[in-house]
*Asks:* 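Pasting in a structure now, in structure tokens, and then I'll have a few things to ask.
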Amino acid sequence: MTIYYGLIGCGMMGREHIRNIALLDNTAISVILEPNEQMASTALELAPDALIVETIDQLLSHQPLDCIVIASPNHCHVGQLEAIAKKVCLPLLVEKPLFTAMDDLKRILKLKTDYGAPIWVAMEYRYMPPMQQFIQSVQVATGGVKMLTIIEHRFPFLKKVNNWNRFNENSGGTFVEKCCHFFDLMRHILNSDPVRIMASAGQNVNHRDEIYDGQRPDILDCGYVIVDFKNGARALLELSMFAEGSEYQEMIHAVGPEGKLEVKLPGPARFWTGPADKMPVPVITQSPRMTCSPKEILCPIDEAILAAGDHNGSTFHQHQRFLNVISSEGDVEVGLDDGIWAVQMGLAAQESARTGEAVHLTSPLVSSRTDG
């Protein structure tokens, strides 16, 4: 039986979804909503049998349709989720961030209560194969994580339609748009919820000379965020968006009483300009505490999966799990609660960077998590 997908938004991430869905057995993109003619044309090259439509109502009326992927600009997600909920009850995969301002929280909580089908929030970084291996090993390797550091040294924000990602009001801000992935990883790895966030950040290099419709971009391009967690663990995010020459884009270090575990992840293969045989491969390093004898494990990724996107194969593996949900063979692994927390942490980091004050967090949810 073929599972038919509807897709909203065919920018860079939307096209990555198309390429990865194409790698799955018994799947097809049946209908696409993309108002930009150039992007719609490019999407049809990847999914030539799909129908391009102009409205959400047309997409929802199309048959066959078994599920929907939302990959539109950030500030569109909540309204599109609500529009879908009024018409159908189908499994949804919505790109991060789930929303962009705390004013939207009540709307999301209403969806959580009222919508009868699964909603999966796309946190691709969880599903990079090396990251999966890191997550599965980290508690044993460290003896329980007490300190977690996530470093991202990467390229500046790419150009988007109408330059929507240049402004906080559309994206939620850099710590929401880009870093909600990392805040989600912190909660997931530490199995605890945050209680306090402190940040220092700025727009120090990128976008300073850009003007769009008379407005200068207000997004951050670098910063540090310290997060205290309920279980006593601490985490640090270091972000630089003017470090595209780095060998590795993400470096994650977890330390506990028994040792340290690290994972290093290269950036998108299409941006590598060095010799092909020198392209970095993801690597995990385990360092026991009492002996200086680190062990490295190379984690190469299947070439076909790697070529289908910019996230070290994660989008493919995420779609495998989402397909299990559609087929009633699996459960949602990244739900609305996770999406809410990731945005709340990002917004708190934005506020702390703006004011210079720590932000104390209270749960917007009834958490089932047991901190320890």
Side-chain angles (χ1 to χ4, degrees), residues 96-97 123-135 137-138 141-142 145-158 173-190 192 194 197-206 219-229 233-256 259-269 271-272 274 279-287 294 296-299 301 310-314 342 345-346 348-350 352-353:
K96 62 80 190 167
M123 293 292 185
E124 284 86 11
Y125 280 43
R126 286 196 191 194
Y127 295 98
M128 296 179 182
M131 183 62 68
Q132 284 280 296
Q133 188 171 339
F134 176 88
I135 291 168
S137 305
V138 69
T142 62
V145 182
K146 302 301 181 186
M147 302 176 69
L148 178 67
T149 301
I150 298 178
I151 299 170
E152 182 169 55
H153 288 176
R154 57 160 281 164
F155 49 93
F157 279 119
L158 300 174
T174 299
F175 285 139
V176 175
E177 205 299 313
K178 181 68 209 75
C179 301
C180 63
H181 275 305
F182 302 128
F183 297 130
D184 175 68
L185 279 176
M186 288 178 183
R187 286 185 65 249
H188 185 51
I189 291 169
L190 296 174
S192 186
I197 287 183
M198 296 164 283
S200 175
Q203 186 192 77
N204 290 356
V205 176
N206 301 330
I219 50 174
L220 304 170
D221 66 2
C222 61
Y224 294 97
V225 183
I226 298 173
V227 186
D228 292 338
F229 282 82
R234 295 176 177 84
L236 170 70
L237 169 67
E238 176 186 324
L239 174 71
S240 172
M241 299 189 71
F242 40 88
E244 55 266 48
S246 301
E247 181 180 20
Y248 290 99
Q249 182 168 291
E250 286 92 21
M251 296 155 281
I252 301 178
H253 315 268
V255 186
K260 178 172 72 171
L261 193 68
E262 305 169 76
V263 60
K264 296 180 180 180
L265 302 160
F271 291 162
W272 177 254
M279 185 178 298
V281 174
V283 60
I284 292 175
T285 304
Q286 182 174 354
S287 304
E296 283 196 351
I297 304 169
L298 295 180
C299 306
I301 296 168
D310 288 343
H311 298 88
N312 285 293
S314 60
M345 293 173 73
Q350 292 282 139
S352 178

*Asks:* With side chains defined as the heavy atoms from C-beta onward, is the minimum distance between Met131 and Glu250 less than 4.5 Å?
*Replies:*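 Result no, sub-4.5 Å side-chain heavy-atom pair not found.
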*Asks:* Around atom CZ of Phe271, are there more than 12 heavy atoms from other residues, nucleotides or ligands closer than 6.0 Å?
*Replies:*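 Yes - once you tally the heavy atoms of other residues, nucleotides and ligands closer than 6.0 Å, there are more than 12.
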*Asks:* If I compare all heavy atoms of Cys180 with all of Ala342, which pair ends up nearest, and what's the gap?
*Replies:*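 Heavy atoms only, the tightest pair is O-CB, 3.6 Å.
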*Asks:* So, do His188 and Met123 sit near enough that their side-chain heavy atoms are less than 4.5 Å apart?
*Replies:*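 No, side chains not in contact.
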*Asks:* Answer whether the closest heavy-atom distance between the side chains of Ile297 and Pro130 falls below 4.5 Å.
*Replies:*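 Contact flag for Ile297/Pro130 side chains = no.
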*Asks:* Measure the spacing between CD1 of Ile219 and CD of Gln350 and express it to the nearest 0.5 Å.
*Replies:*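 CD of Gln350 is found 10.0 Å from CD1 of Ile219.
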*Asks:* Parallel, tilted or perpendicular for Tyr125 and Phe182, by the 30°/60° rule?
*Replies:*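 Plane angle over 60°, so perpendicular.
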*Asks:* Looking at every heavy atom in both Pro268 and Gln249, which two are closest together, and how far apart are they?
*Replies:*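 Where Pro268 meets Gln249 most closely, the heavy atoms are CD-OE1, 3.4 Å.
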*Asks:* Which pair of non-hydrogen atoms, one from Phe134 and one from Leu261, has the smallest distance, and what is that distance?
*Replies:*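 It is CE1-O, 3.4 Å.
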*Asks:* Hey, is the main chain of Glu152 close enough, under 3.5 Å, to the side chain of Tyr248 for a donor-acceptor pair?
*Replies:*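 No, Tyr248 side chain to Glu152 backbone: no donor-acceptor pair under 3.5 Å.
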*Asks:* Would you compute the distance between atom CG of Leu185 and atom CZ of Arg126 and round it to the nearest 0.5 angstrom?
*Replies:*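 With rounding to 0.5 Å, CG (Leu185) is 7.5 Å from CZ (Arg126).
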*Asks:* Hey, is the main chain of Val205 close enough, under 3.5 Å, to the side chain of Asp221 for a donor-acceptor pair?
*Replies:*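 Side chain of Asp221 to backbone of Val205, a donor-acceptor pair under 3.5 Å: yes, one is there.
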*Asks:* Within the structure provided, determine whether Val255 and Thr142 are in side-chain contact (heavy-atom separation under 4.5 Å).
*Replies:*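 No, their side chains stay 4.5 Å or more apart.
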*Asks:* Does this structure show an ion pair linking Glu262 with Lys260, if we count only N-O contacts that are shorter than 4.0 Å?
*Replies:*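 Yes, charged N to carboxylate O under 4.0 Å.
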*Asks:* Could you state the interatomic distance from CG (Leu237) to CD1 (Ile150), rounded to the nearest 0.5 Å?
*Replies:*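 Nearest 0.5 Å value for the CG-CD1 distance: 6.5 Å.
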*Asks:* When you compare the side chain of Met241 with that of His153, does any pair of heavy atoms fall below 4.5 Å?
*Replies:*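 Result no, sub-4.5 Å side-chain heavy-atom pair not found.
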*Asks:* If you compare all heavy atoms of Ser314 against all heavy atoms of Glu124, which two are closest, and at what distance to 0.1 Å?
*Replies:*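 For Ser314 versus Glu124, the nearest heavy atoms are CB-O, 2.9 Å.
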*Asks:* Determine the minimum heavy-atom distance between Phe183 and Phe175, stating which atoms define it.
*Replies:*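 Between these two residues, the closest heavy atoms are CE1-O, 3.4 Å.
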*Asks:* Is the number of heavy atoms from other residues, nucleotides or ligands under 6.0 Å of Met198 CE greater than 12?
*Replies:*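 Buried by this count: over 12 neighbours within 6.0 Å.
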*Asks:* At their closest point, which heavy atom of Ala233 faces which heavy atom of Val145, and how far apart are they?
*Replies:*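 Looking at all heavy atoms of both residues, the closest pair is CB-O, 3.9 Å.
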*Asks:* Nearest 0.5 Å please: distance from the SG atom of Cys299 over to the CD atom of Gln132.
*Replies:*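 Separation between the atoms: 12.0 Å.
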*Asks:* Side chains of Ile151 and His253: does their closest heavy-atom pair fall under 4.5 Å?
*Replies:*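 With C-beta onward as the side chain, the pair touches.
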*Asks:* Main chain of Pro266, side chain of Asn312: is a donor-acceptor contact present, judged purely on distance under 3.5 Å?
*Replies:*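 Yes, the answer is positive, given that a donor and an acceptor are paired below the 3.5 Å cut-off.
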*Asks:* Roughly how far apart are Met186 CE and Thr149 OG1, rounded to 0.5 Å?
*Replies:*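 So the gap between those two atoms works out to 8.0 Å.
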*Asks:* How long is the straight-line distance from CG of Asp184 back to NZ of Lys96, given to the nearest 0.5 Å?
*Replies:*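 The NZ atom of Lys96 sits 11.5 Å away from the CG atom of Asp184.
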